[in-house]
2 protein chains.
Amino acid sequence: MANEATSVGPPWFDAWRGIIFANAKVFREVERKLEEHSGISLAFLDALSRLYDAPGGRLRMQDLQARSLFTHSGMTRVVDRIEAVGLVRRESVPGDRRGVSVLITEKGKRLYEESIVRHQVDIEEAFARRLTPAQHKAVADALSQFWQG
Amino acid sequence: MANEATSVGPPWFDAWRGIIFANAKVFREVERKLEEHSGISLAFLDALSRLYDAPGGRLRMQDLQARSLFTHSGMTRVVDRIEAVGLVRRESVPGDRRGVSVLITEKGKRLYEESIVRHQVDIEEAFARRLTPAQHKAVADALSQFWQG
DNA sequence: GGGCGAATATTGTCACAGCAAATACTGTCC
DNA sequence: GGACAGTATTTGCTGTGACAATATTCGCCC
């Protein structure tokens, strides 16, 4: 009647399905909480994080793009919105008038420092707490190749 | 200078980051390929899959929603679009005039059978091939809790 | 059997990601 | 030194997911 093969699937199927569901569920939950307690989206927090960690709190658009999950065109708009609420500021790049660098403001730093702490608690509740330390390591080892390089 | 703590992060951080990136990268790549060779989105394939495996090739909207990654409101529109290209058909539920059940058409079955084979190859290339069998199992074991229940 | 809260599905509206085209500038080739 | 290919970023457009509000029907309770 139904298709047994697709119900059970190849040996890697459960791994893939686990990733999809874990991502979807945890992502949705922590984003909702982040919005609640800090008033920003995960895209904002992600960008702020890259800038906060960058030397001088400053990064060019293309570097910001390369480090994030958003594509090329997406980043322009993300920065538009973060800039509109005063968490970052655009500056021209000396020596290359095509370039734009993005600088995190003091307000942005303060917000980042506050929200990242709560955000980590959120991820711990929605994700980390449900796995053993050995499982954390196993998953990290298996998947690190996807963000390294 | 930069914040060491957030660069390195808590012990589970790499596991979580791995999930996000693996999901984003693999998802994007296989969706692009699916669109190319079969002309449908992953949302379509997912819905077709649930219907194909359901007894009678038929499922109520709410059951379809519950089994998918898309929320409530999304499913109405997904079915709208799949129906528009003739892969599924809406039917009224006998005995409950609020209800709508969705039925996969012959055309839908054929397309599903063809595209799922290619899709599995795509996932194998983008994901499965990069992990060892032991890693598949480890990831599946750690993350199965997110889709079971 | 009429009223009322719950369930089912759809629709309105908004925000945002993705892609391609446009814009602005750089460096180089001849 | 002017044309031209390449680079950096933005903008226009479209599709689609999220959420709230709506319409319709059901089950129940009195």
Side-chain angles (χ1 to χ4, degrees), chain A residues 20-21 23-36 39-47 51 58-85 88-103, chain B residues 20-21 23-25 27-36 39-47 50-51 58-85 88-103:
Chain A
I20 296 181
F21 274 77
N23 182 78
K25 293 200 172 180
V26 178
F27 207 97
R28 203 166 292 181
E29 187 174 341
V30 298
E31 173 136 53
R32 184 181 51 72
K33 287 189 179 174
L34 179 65
E35 200 84 49
E36 271 175 22
I40 59 174
S41 66
L42 259 174
F44 277 32
L45 187 69
D46 185 52
L51 293 171
R58 183 193 319 270
L59 232 38
R60 291 193 58 161
M61 286 297 292
Q62 54 181 358
D63 296 322
L64 203 46
Q65 286 156 9
R67 282 166 179 71
S68 98
L69 288 172
F70 297 92
T71 68
H72 205 79
S73 58
M75 190 49 77
T76 295
R77 259 103 178 196
V78 170
V79 172
D80 283 351
R81 281 175 264 141
I82 312 182
E83 191 174 24
V85 292
V88 302
R89 199 169 59 233
R90 264 183 247 243
E91 287 185 348
S92 55
V93 175
D96 186 347
R97 276 187 292 185
R98 294 168 304 182
V100 173
S101 72
V102 186
L103 171 69
Chain B
I20 296 181
F21 273 77
N23 181 79
K25 293 200 170 180
F27 208 96
R28 205 167 291 181
E29 187 174 340
V30 299
E31 173 135 54
R32 185 181 51 74
K33 287 188 179 175
L34 179 65
E35 200 85 47
E36 270 175 24
I40 58 174
S41 68
L42 259 173
F44 277 33
L45 186 70
D46 186 51
R50 313 306 163 128
L51 293 171
R58 183 193 319 270
L59 231 39
R60 293 192 57 161
M61 286 298 292
Q62 55 181 358
D63 296 321
L64 203 46
Q65 286 157 9
R67 281 167 180 70
S68 98
L69 288 173
F70 299 91
T71 69
H72 201 80
S73 58
M75 192 49 78
T76 295
R77 259 105 178 193
V78 170
V79 172
D80 284 350
R81 283 177 263 142
I82 312 182
E83 192 175 22
V85 292
V88 303
R89 198 169 59 234
R90 265 183 247 242
E91 287 185 347
S92 55
V93 175
D96 188 347
R97 278 188 290 187
R98 294 168 303 179
V100 172
S101 72
V102 186
L103 172 69

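Just so it is clear: chains get the letters A, B, ... in the order the sequence lines come, proteins before strands, and each one is counted from 1. Note that this is a predicted model, so its numbers are computed, not measured.
Nearest-nucleotide assignment on DNA chain D puts the 5′-proximal partner with A:D63, out of A:D63 and A:R32. Judged by closest nucleotide on DNA chain C, A:R81 is the one of A:G95 and A:R81 placed further toward the 5' end. Residue order along DNA chain D, read from the 5' end via each residue's closest nucleotide, puts A:R98 first among A:R98 and A:R28. When each of B:R90 and A:R77 is assigned the nucleotide of DNA chain C with its nearest heavy atom, B:R90 is the one assigned upstream, toward the 5' end.
Along DNA chain C, the stretch of nucleotides lying under 4.0 Å from any heavy atom of chain A spans, 5' to 3', C:dC16 to C:dT26. Taking a heavy-atom distance under 4.0 Å as the criterion, the stretch of DNA chain D touched by chain B extends 5' to 3' from D:dT16 to D:dC26.
Between the CZ atom of A:R90 and the CZ atom of A:R58 there is a distance of 14.5 Å, given to the nearest 0.5 Å.
Counting only heavy atoms from C-beta outward, the side chains of A:L69 and A:D46 never approach each other to under 4.5 Å. Within the 4.5 Å cutoff, the side chain of A:V26 has no heavy atoms near those of the A:E29 side chain. In this structure the side chain of B:N23 never reaches within 4.5 angstrom of the side chain of A:F27, judged on heavy atoms. Residues B:I40 and B:L34 are in side-chain contact: their nearest non-hydrogen atoms beyond the backbone lie under 4.5 Å apart.
A:G99 comes within contact range of the sugar-phosphate backbone alone, with a heavy-atom separation under 4.0 Å but no base atom that close. Contact annotation for A:T71: backbone-only contact, meaning every heavy-atom pair under 4.0 Å involves sugar-phosphate atoms and none involves a base. Among the protein residues, A:D80 comes within range of no part of the nucleic acid, since none of its heavy atoms lies under 4.0 Å from any strand.
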Begin with the C-alpha distance, continue with both residues' side-chain angles, and end with the deciding distance and a verdict on side-chain contact (heavy atoms from CB on, under 4.5 Å) for A:M61 and A:Q65.
-> CA-CA 6 Å; A:M61 286 297 292; A:Q65 286 156 9; 4.1 Å; yes
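Within 6.0 Å of the CZ atom in A:R97, the count of heavy atoms belonging to other residues, nucleotides or ligands does not exceed 12.
The minimum heavy-atom distance between A:M75 and A:S68, with the atom names listed, is CE-OG, 3.4 Å.
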